[in-house]
Amino acid sequence: MNRRYSEPVITGLNHLASGKIRDLYAVGDDLLLVASDKISAFDYVLESEIPDKGRILTQLSMWWFKQLADLVPNHVISADVDQFPAELQPYKEELRGRSMLCRKLAMVPVECVARGYLTGSGLAEYEKTRTANGVQLPPGLVDGSRLDRPIFTPAMKGEVGTHDENVSFDVMAERIADPELAAHLKDLTLAVYSRAREIAEERGIILADTKFEFGRLRGGTLVLADEVLTPDSSRFWPADEWKPGRTQSSFDKQYVRDWLTSPASGWDLASDTPPPLLPPEVVAATRARYVEAYERLTGVKFD
Ligand code: PZK
C-alpha cells in the first residue's frame, strides 16, 4: 500500500504522534490535537487539501461534545486559542479553530464502534453468518438497512498498516481483562450514538455508524476523547438519497470518489499509484459538503 502520512505541521511544538490527517502534541501535562485540511479516499491521503476542513471538523466535534455533555464527560479543556497556555501563543494563528487542548488520559485500547445502519464490515459479516461482531441480527437486511436497535461492534488494533480487527464483545472484554469496563464502554457508546443518530436524523443526515475513543482520568472516570461524530470518524449519508440495497452516497466524499474513479481522473484504483490532484471544482464542491454538514447539524453558519 502506498499511504502517505502527514508531516507534523507545527515545528517548535513537542510532537507526539500523527494520524493520517491529525497531529498530537504535548503541552505541559496536557495534549493538543490539531486537525489538518487533508482528506483521505480509497485509503490514500490525497495530495489536495480541502480548505477549512480541519476547522469545520474541529468545530463540529466541539458542538457534539456540548450536545453530549449530560451523557459523558469529554477530554476538552479549551478550543479557544486565546485561552491556550503561553507556550502556544506564538502558534495561535496556525492553531485557531482547528485545535483542541485536551486532558491527557490513559486511553482504552478499543475502538468503540456503534452501528445504526448496516454496511461495510458489518454487512460483510452479516452476509456470511447473519451476525455483526457476533451479534445476531434479523433476517432480510441489505446494504444500508436501518437497525432498529443500534449495535456495539468494537474493533482492536491489528498489525501495523492493517485495518482494525472487529471483535465480539466477549473477546474485547477478555482482551482488556475488565468485564465491568467492557460493559461500561458498550453502554456509553450506544447511549451517545443513539442520541447523535436521533439529532442527525432530524436534520436530514444519516449517521450510519461512528467510532469513539475513550480514556480514563486518574481515579478511573471514563472520558470521551479524540474528535467525535465527524465525517472522518463516522459515515454520514444524505437522508434524502437513502435507499437500502445499494452502496449509499457519502455526504462528504462522494464528489472525490466519483471523480477519482471516473475516466477524467486518468487514475486506476488498482494500479498502486497515488491518486492525482483534484480539480478545483471537486475541491470546492467537497468543501461545500463539509460546510453543509456542519450548518445542517448545528444550525449555525460556518465562518
Ligand atoms: C490519544 N490518540 C489518537 C489522535 C494522533 C493520534 N486525551 C488523550 N489522552 C491521551 N492520549 C490520547 C488522547 C486523545 N485524544 C489519542 N492517541 C493518543 C490520535 C490524533 C492524532 F496522532
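Note that this is a predicted model, so its numbers are computed, not measured. All ligand and atom numbering here is 1-based and tracks the order in the structure.
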Polar side chain donor-acceptor pair, Thr58 to Arg22, under 3.5 angstrom: no
Please list, in number order, the atoms of ligand 1 under 4.0 Å from a heavy atom of Ala17. 22 (F)
Heavy-atom contact under 4.0 Å between Gly19 and ligand 1? yes
Is Glu165 reaching over with its side chain to a backbone N or O of Lys157, donor-acceptor style, under 3.5 angstrom? no
Tell me the protein heavy atom at minimum distance from atom 3 (C) of ligand 1, and give that distance in Å. Asp226 OD2, 4.3 Å
Should the ring pair Trp237 and Tyr117 be called parallel, tilted or perpendicular, given that the plane angle runs from 0 to 90° and is split at 30 and 60? perpendicular
Name the closest protein heavy atom to atom 8 (C) of ligand 1, giving the residue it belongs to and the distance to 0.1 Å. Leu31 CD1, 3.4 Å
Can you tell me the protein heavy atom closest to atom 4 (C) of ligand 1 and the distance? Arg22 NH2, 3.4 Å
For atom 7 (N) of ligand 1, the protein heavy atom that lies nearest, with its residue and separation: Arg103 O, 2.8 Å
Are the side chain of Tyr193 and the backbone of Thr210 linked by a donor-acceptor contact shorter than 3.5 Å? no
Interfacing atoms of ligand 1 (cut-off 4.0 Å, heavy-atom, Lys104): 9 (N)
For ligand 1, the portion of Leu33 having any non-hydrogen atom under 4.0 Å away: side chain
State plainly whether the residues Arg98 and Asp23 are in salt-bridge range, i.e. N to O under 4.0 Å. no
The protein heavy atom nearest to atom 11 (N) of ligand 1 is Met107 CG, 3.3 Å
For atom CD of Glu281, decide whether the heavy atoms of other residues, nucleotides or ligands shown that lie under 6.0 angstrom number more than 12. yes
Between Arg289 and Glu292, is the closest basic N to carboxylate O distance under 4.0 Å? yes
To check your reading of the model: name the closest protein heavy atom to atom 9 (N) of ligand 1, its residue, and the distance in Å. Leu105 N, 2.9 Å
Among Asp23, Val34, Leu16, Leu24, which one puts a heavy atom closest to atom 18 (C) of ligand 1? Leu24
Picking from Ile206, Leu207, Ile205, what satisfies side-chain contact (heavy atoms from CB on, under 4.5 Å) with Phe251? Ile205
